2 protein chains.
Amino acid sequence: MKTLARNPKNIGQAIRNGRRARKLTQKQLAECSGVWQETISKIENGVGDTKLETVFSLLAALDLEIQIQDRSKGSVADFEDIF
Amino acid sequence: MKTLARNPKNIGQAIRNGRRARKLTQKQLAECSGVWQETISKIENGVGDTKLETVFSLLAALDLEIQIQDRSKGSVADFEDIF
DNA sequence: ACATATTATGGCCTATAGATCATACTGCTA
DNA sequence: TAGCAGTATGATCTATAGGCCATAATATGT
């Protein structure tokens with residue numbers, strides 16, 4: 001998995017994808033991350049804003065990490081919500 | 001620039017590094033990002049939590065982006081706050 | 001179609017982020 | 001060493017994130 005993110009919605013999608021890739025329900029992810037299912041739902045759907053702490057709790061539980069890099073040449077295909 | 005981040009502090013450092021690489025003062029970054037200098041100071045120093053929206057405002061102004069990826073093999077050297 | 005699992009929504013409440021102002025601290029450098 | 005640019009800190013205020021409960025809406029399987 002490798003997803004570019006330039007806004008909060010991209011993060012939510014990456015989390016949803018990561019969760020599904022690991023075949024976890026929101027409830028299971030909630031249990032192992034300490035973030036509530038309701039909150040996960042909102043984040044995945046880009047409802048409201050999210051704190052970094054919360055994002056990292058989820059990423060850690062999904063064994064994902066963030067890399068900060070110069071804005072690339074990044075092919076459009078690396079994004080998922082073009083439409 | 002390419003920095004791994006597994007917690008909010010890593011993000012703050014990446015922002016500070018990116019800002020310095022572009023030879024901007026906090027005040028200048030504040031002006032072009034819409035985030036207050038005081039807030040930038042706190043984020044760079046890992047004081048309190050930060051919302052995604054704010055992080056992305058800063059990253060955009062610094063022409064940086066985020067990539068979400070599986071936790072790597074990431075060499076320890078990619079982190080900056082080991083000590 | 002029904003039962004059940006999964007996800008979404010919405011309200012209440014508390015904690016806290018960030019705007020904003022004021023001011024203090026920390027280098028520089030003239 | 002005085003002055004200034006840059007950064008940090010601290011307070012107040014408003015908006016909102018997320019914990020938490022209840023429940024609604026959607027899948028999914030049988």
Side-chain angles (χ1 to χ4, degrees), chain A residues 1 3 5-66 68 79-83, chain B residues 1 3 5-66 68 79-83:
Chain A
M1 242 211 57
T3 317
R6 290 188 179 171
N7 58 56
K9 289 195 195 295
N10 294 152
I11 300 276
Q13 289 165 201
I15 286 172
R16 168 160 286 173
N17 291 339
R19 176 176 66 78
R20 288 188 170 154
R22 280 151 185 84
K23 304 221 185 308
L24 295 175
T25 67
Q26 289 182 351
K27 181 192 259 222
Q28 292 173 316
L29 177 56
E31 275 151 15
C32 69
S33 69
V35 178
W36 286 73
Q37 177 269 315
E38 293 88 334
T39 301
I40 295 173
S41 169
K42 285 165 193 163
I43 290 171
E44 288 187 353
N45 289 294
V47 174
D49 205 349
T50 309
K51 292 190 211 166
L52 271 185
E53 196 71 51
T54 309
V55 170
F56 279 111
S57 298
L58 294 172
L59 293 183
L62 294 171
D63 212 54
L64 294 173
E65 69 187 2
I66 275 181
I68 289 122
F79 289 93
E80 335 225 349
D81 67 339
I82 307 296
F83 308 102
Chain B
M1 243 211 57
T3 317
R6 291 187 179 171
N7 58 56
K9 288 193 195 295
N10 294 151
I11 300 277
Q13 290 164 197
I15 286 172
R16 169 160 286 175
N17 291 339
R19 176 176 65 80
R20 288 188 169 154
R22 280 150 185 84
K23 305 218 185 308
L24 295 175
T25 66
Q26 289 182 352
K27 181 190 259 223
Q28 291 172 317
L29 178 55
E31 275 153 14
C32 68
S33 69
V35 178
W36 287 73
Q37 177 269 317
E38 293 87 335
T39 301
I40 295 173
S41 168
K42 284 165 193 164
I43 291 171
E44 289 188 353
N45 289 293
V47 174
D49 206 348
T50 309
K51 293 191 211 164
L52 271 185
E53 196 71 50
T54 309
V55 170
F56 279 110
S57 298
L58 294 173
L59 293 183
L62 294 171
D63 211 54
L64 294 173
E65 69 187 0
I66 275 180
I68 289 121
F79 289 93
E80 336 227 344
D81 67 337
I82 309 294
F83 307 105

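Worth saying up front: this structure is predicted, and the values here are computed from it rather than measured. Below, each value reflects all heavy atoms present in this structure, side chains not excepted, and no hydrogens, waters or symmetry copies. Protein chains get the first letters and strands the later ones, always in sequence-line order, with residue 1 at the start of each.
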Under 4.0 Å protein heavy-atom contacts per nucleotide of nucleotides 20-30 of chain C, with B for base, S for backbone only and - for none: BBB--------
Contact letters for nucleotides 24-30 of chain D, in which S counts primed atoms plus P, OP1 and OP2 and B counts the base, heavy atoms under 4.0 Å: -------
To check you understand the geometry: which heavy-atom pair defines the closest contact between Leu64(B) and Gly18(B), and what is its length?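 Taking every non-hydrogen atom into account, CD1-CA, 4.3 Å.
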What are the two closest non-hydrogen atoms of Asn45(A) and Ser41(A), and how far apart are they?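 Result for this residue pair: ND2-O, 2.8 Å.
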Under 4.5 Å between any side-chain heavy atoms of Phe56(A) and Asn10(B), yes or no?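 In short, these two side chains do not touch, never coming nearer than 4.5 Å.
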Measure the shortest side-chain to side-chain distance between Arg16(A) and Gln26(A) over non-hydrogen atoms and say whether it is less than 4.5 angstrom.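 Arg16(A) reaches Gln26(A) side chain to side chain.
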Sequence neighbours left out, what passes salt bridge (charged side-chain N to carboxylate O under 4.0 Å, His left out) with Arg22(B)? Give chain and number order.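 Here the qualifying residues are Asp70(A).
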When rounded to the nearest 0.5 angstrom, what is the spacing between [atom1] in [X] and [atom2] in [Y]?
{"X": "Ile40(A)", "Y": "Thr54(A)", "atom1": "CD1", "atom2": "OG1", "answer": "10.0 Å"}
{"X": "Arg6(A)", "Y": "Glu65(B)", "atom1": "CZ", "atom2": "CD", "answer": "4.5 Å"}
{"X": "Leu29(B)", "Y": "Ser57(B)", "atom1": "CG", "atom2": "OG", "answer": "10.0 Å"}
{"X": "Gln37(A)", "Y": "Thr39(A)", "atom1": "CD", "atom2": "OG1", "answer": "8.5 Å"}
{"X": "Gln13(A)", "Y": "Ile43(A)", "atom1": "CD", "atom2": "CD1", "answer": "13.5 Å"}

So, [X] side chain and [Y] main chain: donor-acceptor pair closer than 3.5 Å or not?
{"X": "Gln28(A)", "Y": "Thr25(A)", "value": "yes"}
{"X": "Asn7(B)", "Y": "Lys9(B)", "value": "yes"}
{"X": "Asp49(A)", "Y": "Lys51(B)", "value": "no"}

Any residue in residues 45-52 of chain B with a heavy atom nearer than 4.0 angstrom to DNA chain C? Just list them by number, or reply none.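 Here the set is Gly48(B), Asp49(B), Thr50(B), Lys51(B).
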Tell me which residues in residues 20-31 of chain A lie within less than 4.0 Å of DNA chain C, going by non-hydrogen atoms.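 Within this stretch, Thr25(A), Gln26(A) sit under 4.0 Å of the strand.
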If only side-chain N and O atoms of Ser41(A) are considered, is one of them under 4.0 Å from the OP1 or OP2 phosphate oxygen of dT7(C)?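 For Ser41(A), the contact criterion (side-chain N or O under 4.0 Å from OP1 or OP2 of dT7(C)) is not met.
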Reckon Arg16(A) has a side-chain N or O less than 4.0 Å from the OP1 or OP2 of dA8(C)?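 Answer is yes, contact under 4.0 Å.
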Quick one: bend of the helix from dA1(C)-dT30(D) to dA30(C)-dT1(D) from 5 pairs per end, to 10°?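 Overall, the helix from dA1(C)-dT30(D) to dA30(C)-dT1(D) bends by 50° from one end axis to the other.
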Applying side chain to side chain contact (heavy atoms under 4.5 Å, CB included) between Ile68(A) and each of Ile66(B), Val55(B), Ile15(B), report the one that passes.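 Only one of Ile66(B), Val55(B), Ile15(B) forms a side chain to side chain contact (heavy atoms under 4.5 Å, CB included) with Ile68(A), namely Ile66(B).
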Apply side-chain contact (heavy atoms from CB on, under 4.5 Å) to residues Ile11(B) and Leu59(B) and explain how you reach the verdict. CA-CA 10 Å; Ile11(B) 300 277; Leu59(B) 293 183; 5.7 Å; no
For the pair made of CD in Glu44(A) and C1' in dA17(D), what is the distance, rounded to whole Å?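 Spelled out: CD on Glu44(A) to C1' on dA17(D) is 17 Å.
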